[in-house]
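Side chains included, hydrogens not; waters and symmetry mates left out as well; all remaining heavy atoms used.
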Amino acid sequence: KAAHKNGDNGLAPDCRTYTSVINAWANSMEKQAGERANRLLEEQWGLYETTGNERRKPDYITYTSVMKAWINSGHANSSDRVNDLLTDMLSRWEGGDVRLRPSRQTYDIL
């Protein structure tokens, strides 16, 4: 991120980068994992909206990883947050975003 902020766009994080970090949070079992993963998803959407670069756009794997982070965190509101993410994902997919079609893995973690 630091290199990107300094103008090196070749090192800007993409969907794979964000999803890898989010997945690490999902597997950490940390109490704050859901919140941290959710913040990264919001940051990723912001980067995509700022640049318009499709490589930076979240996909179903990203969303599924954030859901997994919430579930594994044991947070009291995790089921509500997962439901909100699924609703957002479905809304965007129905709006034409083919990258956000929920997969079997998405539904398996519910």
Side-chain angles (χ1 to χ4, degrees):
K1 278 202 253 184
H4 173 65
K5 287 181 182 177
N6 291 330
D8 189 346
N9 289 326
L11 293 177
D14 61 10
C15 183
R16 179 177 278 171
T17 308
Y18 274 98
T19 302
S20 295
V21 175
I22 290 168
N23 201 43
W25 275 111
N27 291 324
S28 74
M29 309 296 273
E30 294 285 332
K31 195 111 178 130
Q32 74 273 19
E35 294 168 3
R36 296 291 298 267
N38 218 87
R39 272 189 256 145
L40 286 167
L41 176 63
E42 291 171 4
E43 181 179 304
Q44 185 180 358
W45 272 116
L47 182 61
Y48 165 70
E49 289 167 358
T50 300
T51 65
N53 186 330
E54 289 291 319
R55 293 184 56 230
R56 297 188 175 124
K57 190 175 188 179
D59 63 12
Y60 75 95
I61 300 169
T62 312
Y63 270 75
T64 302
S65 295
V66 177
M67 290 177 196
K68 182 178 173 186
W70 277 111
I71 290 167
N72 288 344
S73 74
H75 193 279
N77 295 332
S78 63
S79 61
D80 292 337
R81 300 306 295 262
V82 168
N83 189 48
D84 291 344
L85 285 163
L86 182 60
T87 300
D88 182 47
M89 190 178 182
L90 288 169
S91 174
R92 291 175 187 269
W93 173 57
E94 290 167 355
D97 191 341
V98 295
R99 294 173 51 111
L100 289 174
R101 180 181 183 195
S103 68
R104 179 180 175 156
Q105 292 85 2
T106 305
Y107 289 110
D108 282 349
I109 67 165
L110 301 176

**Study point:** Selection residues 72-91 - residue pairs positive for salt bridge (charged side-chain N to carboxylate O under 4.0 Å, His left out), sequence neighbours left out
**Key:** D88-R92
**Study point:** R56 (side chain) donor-acceptor with Q44 (main chain) under 3.5 angstrom
**Key:** no
Practice item. Return each pair, listed once, that meets side chain to side chain donor-acceptor pair (under 3.5 Å) where at least one residue sits in residues 23-35; pairs must be two or more places apart or across chains. Key: N27-K68, E35-H75
Check your understanding: Hey, are Y60 and Q105 close enough side-chain-wise for a donor-acceptor pair under 3.5 Å?
Key -> no
Check your understanding: Judged by atom type as modelled, is there a donor-acceptor pair below 3.5 Å linking the side chain of S78 to the main-chain atoms of G74?
Key -> no
Review point. What residues form a side-chain hydrogen bond (donor to acceptor under 3.5 Å, both in side chains) with T19, not counting sequence neighbours?
Key: T62
Check your understanding: Is V21 linked to M29 within one hydrophobic cluster, defined over Ile, Leu, Val, Met, Phe, Trp and Tyr using a side-chain heavy-atom separation of less than 4.5 Å?
Key -> no
Revision key, fill the gap. Taken in chain and number order and not counting sequence neighbours, the residues that satisfy side chain to side chain contact (heavy atoms under 4.5 Å, CB included) with L85 are N38, L41, Y63, V66, M67, W70
Check your understanding: Got a sec, which residues hit salt bridge (charged side-chain N to carboxylate O under 4.0 Å, His left out) with R101, two or more places apart in sequence or on another chain?
Key -> none
Point to revise | Inter- and intrachain pairs under ring pair (Phe, Tyr, Trp, His ring centres under 6.0 Å), touching residues 89-110, at least two apart | key: none
Check your understanding: Can you list every pair that meets salt bridge (charged side-chain N to carboxylate O under 4.0 Å, His left out) and has a residue in residues 11-23, with sequence neighbours left out?
Key -> D14-R55
Exercise for review: Quick one: list whatever passes side-chain hydrogen bond (donor to acceptor under 3.5 Å, both in side chains) with T106, sequence neighbours left out.
Suggested key: T64, S103
Exercise for review: For Y48, check side-chain hydrogen bond (donor to acceptor under 3.5 Å, both in side chains) against everything at least two apart and list the hits.
Suggested key: E54
